Participant: 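If you scroll down you'll find the structure; I have some questions about it.
Start at 1 with the first residue, then count along the sequence. Remember, it's a predicted structure, so these values are computed and weren't measured experimentally.
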Amino acid sequence: MSETPHTSPLRTWWAQRPPAAGSAVMATGIVSVALHLTGYEVMSRIALVLACVAWVVLAAGFAVRLLRERSRWVAEAETPGALTAIAATTVLGTRFSALGWQRLAEALLALATVLWPVLIVLVMGHWKRRMPGAVFLTCVATQGLAVLGATLAGAISTAWLAHAALVLFWLGLVFYGLALARFDLRQVTTGAGDQWVAGGAMAISALAGSKLIAADSASLYLWNADDRGVLRAVTVALLILDLAWYVVLLAAEFGWPRPRYDVRRWATVFPMGMTSAATLSVATALDVSWLRTPGQVLLWIAVAAWLAVAAGAVASARAGIGADEPPLTSTAPR
């Protein structure tokens, strides 16, 4: 008996993953960050390990397509989902910095910085008139660099890095405005999950603002009183806008239920986790202790959403791998 050679069903299924699959790393990574901010260190590190494994696998696929399937790589790099590669890398870098692994965080910042101009130009060059929520990933990717840059600036006392992060912070807000002009508001009620990035981009912007404020110290003296006042006011405004988006998007989920699993649902979990992390970080940076309670509530909502989407992803993977399994053929001698 002989079997017809075929590609592994797992490999076939994985090769079909869209660039937006990187949002799973973003979601898991930011949940790890939020768990760390609330003191749940064991759970945080478990989430970090899962995020790292997914990042390595996705990065390997990214590299293989760049080297062997250049046309496919370019086609995927022109879609907004490609920017999840930058955002996921910066989220992991931020978590590593919190662990004290500054060299690794610096390496991830360098990698994300190299990718950022290439992917931003490719993605924005192919924007359309009406876009789904993924259009806001231009802001998310830029603010991810600002968050990691500001975090490292505070950790290793580097003023120029904080000032570079400040430039990216303001640029990210410009990108948000440009994205909002292209966003199809009907996606709030019809989107498959990535409509939540409209709020998530506000959340990561608020997180970047809080990190810039926290990076200041007597040795660095980054901001004068006026600068600090502006940063505080903008950061608070961003958090309020994020929470407003959160309420609107959550109400839309109940008003127009979309229970079926979609890979873009990871782009729902990410803003939920990011809103929690931003709230907790702003509470610390601005010394507003009462914000910690809503931040913790938002964290457990994000954890519940992560578990629900992860269950859907496992079920989808099992179904996809089973569907890709070719029939066994054999030839027997007569």
Side-chain angles (χ1 to χ4, degrees), residues 30 33-34 37-38 87 90-91 94 97 136-155 157-181 183 196-249 270-299:
I30 200 58
V33 170
L37 292 174
T38 49
T90 58
V91 168
T94 300
S97 180
F136 292 100
L137 285 170
T138 50
C139 171
V140 171
T142 306
Q143 295 291 16
L145 288 172
V147 169
L148 181 50
T151 301
L152 279 170
S157 298
T158 307
W160 72 263
L161 194 53
H163 291 126
L166 180 64
V167 173
L168 289 165
F169 170 71
W170 293 118
L171 181 59
L173 296 183
V174 171
F175 282 155
Y176 188 91
L178 295 174
L180 184 60
F183 178 52
W196 277 81
V197 185
M202 287 277 93
I204 196 172
S205 298
L207 179 62
S210 70
K211 292 294 186 181
L212 286 165
I213 294 170
D216 202 4
S217 65
S219 61
L220 288 181
Y221 190 66
L222 297 172
W223 329 118
N224 59 34
D226 290 339
D227 294 336
R228 193 174 182 85
V230 170
L231 272 176
R232 288 174 66 94
V234 172
T235 299
V236 170
L238 290 170
L239 183 61
I240 292 172
L241 289 171
D242 168 40
L243 293 172
W245 264 117
Y246 194 108
V247 171
V248 169
L249 291 163
F270 170 72
M272 287 182 165
M274 183 57 75
T275 299
S276 171
T279 303
L280 293 165
S281 186
V282 169
T284 300
L286 275 60
D287 195 22
V288 185
S289 58
W290 63 266
L291 273 177
R292 290 194 61 81
T293 298
Q296 291 174 349
V297 172
L298 290 168
L299 166 61

Participant: Taking side chain as C-beta onward, heavy atoms only, is Val147 less than 4.5 Å from Thr90?
Facilitator: no
Participant: Within the 3.5 Å criterion, strictly below it, is a donor on Gln143 or Ser205 matched to an acceptor on the partner's side chain?
Facilitator: yes
Participant: Would a 4.5 Å heavy-atom cut-off, applied to side chains only, mark Leu238 and Asp242 as touching?
Facilitator: no
Participant: Return the OG to CG distance between Ser97 and Leu148, rounded to the nearest 0.5 Å.
Facilitator: 7.0 Å
Participant: Measure across Ala150 and Ala215 and return the closest heavy-atom pair with its distance rounded to 0.1 Å.
Facilitator: O-CB, 3.6 Å
Participant: Any idea which heavy atoms bring Val288 and Trp290 closest together, and the distance?
Facilitator: CG1-NE1, 3.0 Å
Participant: Minimum heavy-atom separation for Val33 and Ala277, please, with both atom names.
Facilitator: CG1-CB, 4.5 Å
Participant: Quick check: does any side chain N or O of Ser276 sit under 3.5 Å from a backbone N or O of Met272, one acting as donor and the other as acceptor?
Facilitator: no
Participant: Looking at Ala203, is its backbone amide N or carbonyl O close enough to the side chain of Thr275 to form a donor-acceptor pair, meaning the two atoms are under 3.5 Å apart?
Facilitator: no
Participant: Taking the side chain as everything from C-beta on, heavy atoms only, tell me whether Thr158 gets closer than 4.5 Å to Leu152.
Facilitator: no
Participant: Which of these, Tyr246, Phe136, Phe270, sits in a ring-ring contact (aromatic ring centres under 6.0 Å, His included) with Trp196?
Facilitator: Tyr246
Participant: Kindly compute the distance separating CG (Leu222) from CG (Asp227), expressed to the nearest 0.5 Å.
Facilitator: 9.5 Å
Participant: Hey, does the side chain of Ser217 reach the backbone of Leu220 with a donor-acceptor pair shorter than 3.5 angstrom?
Facilitator: yes
Participant: Identify every side-chain donor-acceptor pair in residues 166-180 under 3.5 Å, counting partners at least two apart or on other chains, and give the distances.
Facilitator:
{"residue": "Tyr176", "atom": "OH", "partner": "Ala198", "partner atom": "O", "Å": "2.8"}
{"residue": "Tyr176", "atom": "OH", "partner": "Trp245", "partner atom": "NE1", "Å": "3.0"}

Participant: Nearest 0.5 Å, what's the CG-CD1 distance between Leu207 and Ile30?
Facilitator: 6.0 Å
Participant: Measure the OG1-CZ distance between Thr279 and Arg292 for me, rounded to the nearest 0.5 Å.
Facilitator: 11.0 Å
Participant: How would you list, by chain and number, every residue that makes a salt bridge (Lys or Arg N to Asp or Glu O under 4.0 Å) with Arg228, sequence neighbours excluded?
Facilitator: Asp216
Participant: Ignoring hydrogens and geometry, is there a side-chain-to-backbone donor-acceptor pair from Thr284 to Leu280 under 3.5 Å?
Facilitator: yes
Participant: How close do Ile213 and Ala285 get, counting heavy atoms only, and between which atoms?
Facilitator: CG2-O, 4.0 Å
Participant: Surrounding CG of Asp287 (heavy atoms of other residues, nucleotides or ligands, distance under 6.0 Å), is the total greater than 12?
Facilitator: no
Participant: Specify the closest pair of heavy atoms between Leu299 and Ala34, including all atoms of both residues, with the distance to one decimal.
Facilitator: CD1-CB, 3.6 Å
Participant: State which residues pass ring pair (Phe, Tyr, Trp, His ring centres under 6.0 Å) with Trp223; sequence neighbours excluded, sorted by chain then number.
Facilitator: His163
Participant: So how far is it from Cys139 SG to Ile204 CD1, rounded to the nearest 0.5 Å?
Facilitator: 7.5 Å
